[in-house]
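Only a predicted model underlies this, so the values are computations on that prediction, with no experimental measurement involved.
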Amino acid sequence: MELSESKNLEQISWRPGASTIEATPTRLQMFYRHPLVMTSPHWHAQVEVNFVMRGSVRYKMANHEVLLSEGELALFWGGLPHQMDWSSEDSLYAGAHLPLVYFFRLQLPTDVSARLMGGATLVTRATGMADFENFPRWFEYVSSTNQFKSEHAVDELLLRLERVKFDPFSIVPMELSDKREANPFDYQSCRSVSPMCDYIAQNFREEISSADIAAVAGLHPKYAMNLFRRTTGMTLNGYVNLLRLSYAQALLSEDNSNVLRVAMDSGFGSLSAFSKSFRKLAGISPSDFKRKRSSRNPSQRHSDWA
């Protein structure tokens with residue numbers, strides 16, 4: 001897995017492309033800056049960590065809203081469309097985008113991990129001065145060229161997130177309204193699912209089969225498919241499609257993009273398959289998505305690093 005630099009504290013306009021979070025599902029990225037309002041929902045194949053250091057922000061999730069204020073820490077699955085539609089002028093936040101391989105390293109309560117993958121948001125106010133000092137330092141370490149410092153920061157971050165289970169926290173919403181499966185995690189199973197996620201993330205733009213994916217974990221394809229669905233709440237094909245759609249989302253936002261070319265470059269075998277999958281997740285066609293993004297004045301675009 002790669003660690004990459006995130007953006008710095010200066011306010012910048014969002015212009016998605018091949019280097020954005022949507023297009024780099026294998027990278028753990030950290031951020032530390034003022035959050036700018038998103039012009040539209042986005043999605044990405046990572047679990048997101050947000051720590052609000054000052055002010056307040058509001059997210060519109062797939063089936064709920066979350067208002068986060070200073071000192072609150074939140075985790076949610078970024079694979080469902082979400083949008084930060086408001087942030088206070090003085091807001092400052094820090095956090096990370098965790099590929100599933102890292103998320104599976106966390107020893108969270110099994111029901112909590114399952115609820116997050118099912119679309120819920122974990123929120124806790126059990127934070128302290130150490131968090132206000134550590135999140136900026138972790139960002140600095142991950143943004144450095146020193147691989148040992150980067151790995152150290154990631155290890156510390158994961159340990160901090162595991163500590164959530166020792167303190168009061170809430171899950172929003174209390175009951176999920178969608179039909180996604182959210183079975184309790186079996187951490188032995190996660191050790192088998194992790195290499196499958198890693199393989200998919202590295203090869204999703206190619207033509208890959210369930211047999212290819214199962215082979216990296218030394219499992220029978222049928223067992224691998226059942227194990228993956230039981231652990232993540234997604235089918236193998238669903239996860240492959242999510243990474244392709246995330247990548248396609250970034251390509252479609254480029255000025256000179258072509259919908260057919262985007263479909264092919266993202267790993268879809270046909271335009272019809274791409275359009276059907278895209279509409280199911282985004283609620284609009286790829287062409288309409290591109291048209292809406294292209295119609296915006298570049299000066300009106302905002303950062304979507306959340």
All heavy atoms of Leu251 vs all of Ser257, minimum pair found to be O-CB, 3.1 Å
query: Between Trp86 and Val123, is there a shared hydrophobic cluster once you connect ILVMFWY residues whose side-chain heavy atoms come closer than 4.5 Å?
result: no
Would you call the rings of Trp43 and Phe278 parallel, tilted or perpendicular, where under 30° means parallel and over 60° means perpendicular? perpendicular
Item checked: Trace of the side-chain contact (heavy atoms from CB on, under 4.5 Å) decision for Met30 with Leu157 -> CA-CA 10 Å; Met30 296 196 70; Leu157 170 64; 4.2 Å; yes
Compile the donor-acceptor pairs under 3.5 Å between side chains in residues 67-76 and protein atoms, sequence neighbours left out, one pair per line.
{"residue": "Ser69", "atom": "OG", "partner": "Ser56", "partner atom": "OG", "Å": "3.2"}
{"residue": "Glu72", "atom": "OE1", "partner": "Ser69", "partner atom": "N", "Å": "2.7"}

Practice prompt. Determine, stepwise, if the pair Tyr102 / Val47 fulfils side-chain contact (heavy atoms from CB on, under 4.5 Å).
Written response: CA-CA 9 Å; Tyr102 289 99; Val47 171; over 6 Å; no
Show your working on side-chain contact (heavy atoms from CB on, under 4.5 Å) between Leu98 and Leu161 and close with a plain yes or no. CA-CA 11 Å; Leu98 300 177; Leu161 296 178; 3.8 Å; yes
Margin query: Using modelled atom types and a 3.5 Å cut-off, is there a donor and acceptor pairing between side-chain atoms of Ser144 and backbone atoms of Ser150?
Written below: no
**Study point:** Ser91 (side chain) donor-acceptor with Gly55 (main chain) under 3.5 angstrom
**Key:** no
Checklist entry - Would you say the ring centroid of Phe31 lies under 6.0 angstrom from that of Tyr93? => result yes
Residues passing the side-chain hydrogen bond (donor to acceptor under 3.5 Å, both in side chains) test with Asp155, sequence neighbours excluded, are Arg105
Those residues at least two apart in sequence (or on a different chain) that pass side-chain hydrogen bond (donor to acceptor under 3.5 Å, both in side chains) with Asp131 are Arg160
Residue pairs meeting salt bridge (Lys or Arg N to Asp or Glu O under 4.0 Å), one or both in residues 275-288, sequence neighbours left out, come to Asp288-Arg291
What one should report as the nearest heavy-atom pair of Leu106 and Leu158 is CD2-O, 3.2 Å
For Arg163, the side-chain hydrogen bond (donor to acceptor under 3.5 Å, both in side chains) test, sequence neighbours excluded, returns none
On a heavy-atom basis, the closest approach of Thr124 and Pro168 is OG1-O, 2.8 Å
Residues 209-240 vs ring-ring contact (aromatic ring centres under 6.0 Å, His included), sequence neighbours excluded, gives Phe228-Tyr239
Closest heavy-atom pair, Pro195 versus Ala217, reported as atoms and distance to 0.1 Å, is CG-CB, 4.2 Å
Backbone N/O of Gly78 and side chain of Glu48: donor-acceptor pair under 3.5 Å: no
(Q) Closer than 3.5 angstrom, by distance alone: can the side chain of His42 be matched with the main-chain N or O of Ser40 as a donor-acceptor pair? (A) no
Exercise. Counting only heavy atoms not in Lys60, do more than 12 sit closer than 6.0 Å to its NZ atom?
Worked result: no
Applying ring pair (Phe, Tyr, Trp, His ring centres under 6.0 Å) to Tyr199 and not counting sequence neighbours gives none
*May I ask you to decide if Leu242's main-chain N or O and Ser246's side chain share a donor-acceptor pair within less than 3.5 Å?*
no
The side-chain hydrogen bond (donor to acceptor under 3.5 Å, both in side chains) partners of Glu156 (sequence neighbours excluded) come to Arg137, Trp138, His152
Minimal heavy-atom distance between Ala45 and Leu243, with the atoms involved, is CB-CD1, 3.3 Å
Correct closest heavy-atom pair for Met234 and Leu100 would be CE-CD1, 4.3 Å
### Task
Any chance you could lay out the side-chain contact (heavy atoms from CB on, under 4.5 Å) test for Tyr32 and Glu140, step after step, and finish with the verdict?
CA-CA 9 Å; Tyr32 167 47; Glu140 177 187 349; over 6 Å; no
The side-chain contact (heavy atoms from CB on, under 4.5 Å) partners of Met225 (sequence neighbours excluded) come to Ser210, Leu236
Sequence neighbours excluded, the answer for side-chain contact (heavy atoms from CB on, under 4.5 Å) partners of Lys165 is Gln107, Pro109
#### Entry: Whether Phe132 and Phe51 hold their rings parallel, tilted or perpendicular, with breakpoints at 30° and 60°
perpendicular
Distance-only check: which donor-acceptor pairs under 3.5 Å involve side-chain atoms of residues 263-271, not counting sequence neighbours?
{"residue": "Ser266", "atom": "OG", "partner": "Val262", "partner atom": "O", "Å": "2.7"}
{"residue": "Ser270", "atom": "OG", "partner": "Ser272", "partner atom": "OG", "Å": "3.2"}
{"residue": "Ser270", "atom": "OG", "partner": "Ala273", "partner atom": "N", "Å": "3.1"}

Any donor-acceptor pair under 3.5 Å linking the side-chain atoms of Thr235 with those of Asn237? no
> Would a hydrophobic clustering, with Ile, Leu, Val, Met, Phe, Trp and Tyr connected at side-chain separations under 4.5 Å, put Tyr141 with Leu28?
Replying inline: no
Given the rule that I, L, V, M, F, W and Y join up when any side-chain heavy atoms are under 4.5 Å apart, are Leu260 and Ile284 in one cluster? yes
Practice task
Determine yes or no for a side-chain-to-main-chain donor-acceptor pair under 3.5 angstrom, with Arg115 supplying the side chain and Val172 the backbone.
Solution key: no
**Prompt:** Heavy atoms, side chains only, cut-off 4.5 Å: are Gln46 and Pro99 in contact?
**Reply:** yes
Sorted by chain and residue number, the ring pair (Phe, Tyr, Trp, His ring centres under 6.0 Å) partners of Phe204 (sequence neighbours excluded) come out as Tyr247
